[in-house]
Amino acid sequence: MTLLRLLWIAMLALALSGSARAELVPVPPLSGHVTDQAGMLEPQQRARLEAVLADYEAKTGSQIAVLLVKSTEPEQIEQYGIRVADAWKLGRKGVDDGVLLLVAKDNPSSARRLRIEAGRGVQGVLTDAQSKRILQDVIAPHFRQDQYYDGLVAGVGAIATLLNQEKFPAPPAPKRQAESEDGGWLPLLLFAAFVLASILRPRRSRLGRGGWGSGAAGFILGSALSSLGRGGHHGGFSGGGGFSGGGGFSGGGGSFDGGGASGDW
């Protein structure tokens with residue numbers, strides 16, 4: 001009788017465990033640089049941000065992906081972010097230069113609604129403290145005004161500017177017409193100066209002057225990053241082993257170890 005009871009308890013525990021796992025929010029397939037399951041972006045905005053991040057990967061080899069979900073409950077955003085990072089494997093294998101910007105729009109404040117997962121290779125420049133600052137000082141002010149696109153563009157711009165400080169291996173050279181040195185680096189220098197100045201400026205001053213909180217800032221950042229990424233290239237490309245001109249997209253085999261930060265707005 002005791003043996004049967006123990007067996008029943010074990011079976012019940014397995015059933016409850018399976019039920020709990022089934023209730024976890026599934027990790028969506030990686031089909032592009034921007035995945036919006038929360039309806040936070042208009043189609044044109046999503047397409048523009050996708051193009052910017054694809055171009056940035058083509059230029060640098062580093063992968064930055066944005067995932068917008070409604071909620072990660074019953075998990076905290078950190079646990080869900082690790083599951084996504086493990087599944088997507090952003091960044092190049094051995095370089096580990098992938099970054100995930102995760103937003104859970106309907107999470108309670110206790111579970112956090114913003115998260116940056118930093119690949120192992122980028123943590124020297126995209127530190128936990130810098131990730132926290134980007135979430136709180138760059139993205140959150142926009143989100144509090146429901147300016148989701150502007151916030152994402154500003155956040156991606158700040159992440160890209162920090163990654164550009166690291167000397168990662170160059171991506172495979174695409175077949176394209178050679179461009180002048182000034183034409184390739186001038187947008188990068190202007191973009192880096194604009195973003196870093198805005199990050200380092202005190203938050204109250206920045207918001208008071210309409211900096212990160214204005215639609216114009218989001219447009220300028222998007223245009224600058226897009227120019228940096230394009231670099232005169234318009235054909236098919238392959239960066240980090242992930243994105244290709246054939247339309248497929250996947251992570252390049254990069255690894256994560258929980259580095260990054262969480263925040264709210």
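Small disclaimer: the values here were computed from a predicted structure and weren't measured.
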message: Which heavy atom of Gly155 sits nearest to which heavy atom of Ile139, and what is that distance?
response: CA-CG1, 3.7 Å
- prompt: Are side-chain N/O atoms of Ser71 and Asp106 paired as donor and acceptor at under 3.5 Å?
  reply: no
Please tabulate, for the side chains in residues 255-265, all donor-acceptor contacts under 3.5 angstrom to protein atoms that are two or more places apart in sequence or on a different chain.
unit_1	atom_1	unit_2	atom_2	d
Ser255	OG	Asp96	OD1	3.1
Ser255	OG	Asp96	OD2	3.3
Asp257	OD1	Gln123	NE2	2.7
Asp257	OD1	Gly259	N	3.3
Ser262	OG	Glu78	OE2	2.8
Ser262	OG	Arg115	NH1	3.0
Asp264	OD1	Arg113	NE	2.6
Asp264	OD1	Arg113	NH2	3.1
Asp264	OD2	Ser109	OG	3.0

- prompt: Any chance the side chains of Asp150 and Tyr148 put a donor and an acceptor closer than 3.5 Å?
  reply: no
- request: Heavy atoms only: give me the nearest Val66-Val156 pair and the separation to one decimal.
  value: CG2-CG2, 4.1 Å
field: Residues that Val125 engages under side chain to side chain contact (heavy atoms under 4.5 Å, CB included), provided they are two or more places apart
entry: Gln165, Glu166
field: side-chain hydrogen bond (donor to acceptor under 3.5 Å, both in side chains) partners of residues 80-89, not counting sequence neighbours, each pair once
entry: Glu75-Arg83
- prompt: Hey, which of Leu53, Leu67, Leu49 is the one that makes side-chain contact (heavy atoms from CB on, under 4.5 Å) with His33?
  reply: Leu53
message: Please find the pair of heavy atoms, one from Pro169 and one from Arg92, that lie closest to each other, and give the distance.
response: O-NH1, 2.8 Å
- request: Report the residues that fulfil side-chain hydrogen bond (donor to acceptor under 3.5 Å, both in side chains) with Ser131, sequence neighbours left out, ordered by chain and then residue number.
  value: none
field: side-chain hydrogen bond (donor to acceptor under 3.5 Å, both in side chains) contacts in which one or both residues fall within residues 34-49, not counting sequence neighbours
entry: Arg48-Tyr149
field: For Leu163, side chain to side chain contact (heavy atoms under 4.5 Å, CB included) partners two or more places apart
entry: Tyr56, Ser62, Ile64, Val99, Val122, Leu126, Ile159, Phe168
